[in-house]
Amino acid sequence: MKALIVDDERNVRNVIRQLGDWVVSGITMLLEASNGYEALDIVRTENPDIIFTDIKMPKMTGLELIEE
């Protein structure tokens, strides 16, 4: 499975990456995006199974990303 972490703060993405026990959870690929537009491109090309998104981000919010 593929997972996508979306947050405008690099430190938050790093913490999420480190806290997850990804292999045990069946995650074989962990992707990252720093805003909603970048995430949308990744969603279209990589088709992740799970998306962890921040709600409040510049350019495109997490809620707008979900609506797309």
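Computed from a predicted model, the values in this text were never measured in an experiment.
For the pair N35 and P58, the tightest heavy-atom approach, listed with the atom from each and the gap, is CB-O, 4.1 Å. Closest non-hydrogen pair, L4 versus A33, comes out as CD1-N, 4.0 Å. Among all heavy-atom pairs drawn from A39 and L65, the shortest one is CB-CD2, 3.7 Å.
Inter-residue side-chain proximity for L31 and I5 is flagged as unmet; no heavy-atom pair is nearer than 4.5 Å.
Judged as a side-chain hydrogen bond (donor to acceptor under 3.5 Å, both in side chains), and not counting sequence neighbours, the contacts of S34 are E38.
Its side chain outside the 4.5 Å cluster rule for every partner, V23 clusters with none of the Ile, Leu, Val, Met, Phe, Trp and Tyr residues.
Rounded to the nearest 0.5 angstrom, I51 CD1 and I66 CD1 are separated by 8.0 Å. To the nearest 0.5 Å, atom CE of residue M29 and atom CG of residue D49 are 10.5 Å apart.
The side-chain hydrogen bond (donor to acceptor under 3.5 Å, both in side chains) pairs that include a residue from residues 6-17 are R13-E32, R17-E32, where partners are two or more places apart or lie in different chains. Pairs of residues two or more places apart, or lying in two chains, that qualify as ring pair (Phe, Tyr, Trp, His ring centres under 6.0 Å) and include a residue from residues 47-68 are W22-F52. Residue pairs satisfying the salt bridge (charged side-chain N to carboxylate O under 4.0 Å, His left out) criterion with at least one member in residues 39-48, sequence neighbours excluded, are listed as follows: K2-E46. Screening residues 51-68 for salt bridge (charged side-chain N to carboxylate O under 4.0 Å, His left out), with sequence neighbours left out, gives no hits.
Under the 4.5 Å side-chain heavy-atom criterion for Ile, Leu, Val, Met, Phe, Trp and Tyr, M57 and L40 are members of the same hydrophobic cluster. The hydrophobic cluster containing V6 does not contain I16, counting ILVMFWY residues as joined when their side-chain heavy atoms lie under 4.5 angstrom apart, directly or transitively. When hydrophobic clusters are built by joining Ile, Leu, Val, Met, Phe, Trp and Tyr residues whose side-chain heavy atoms come closer than 4.5 Å, directly or via intermediates, I50 is not grouped with V43.
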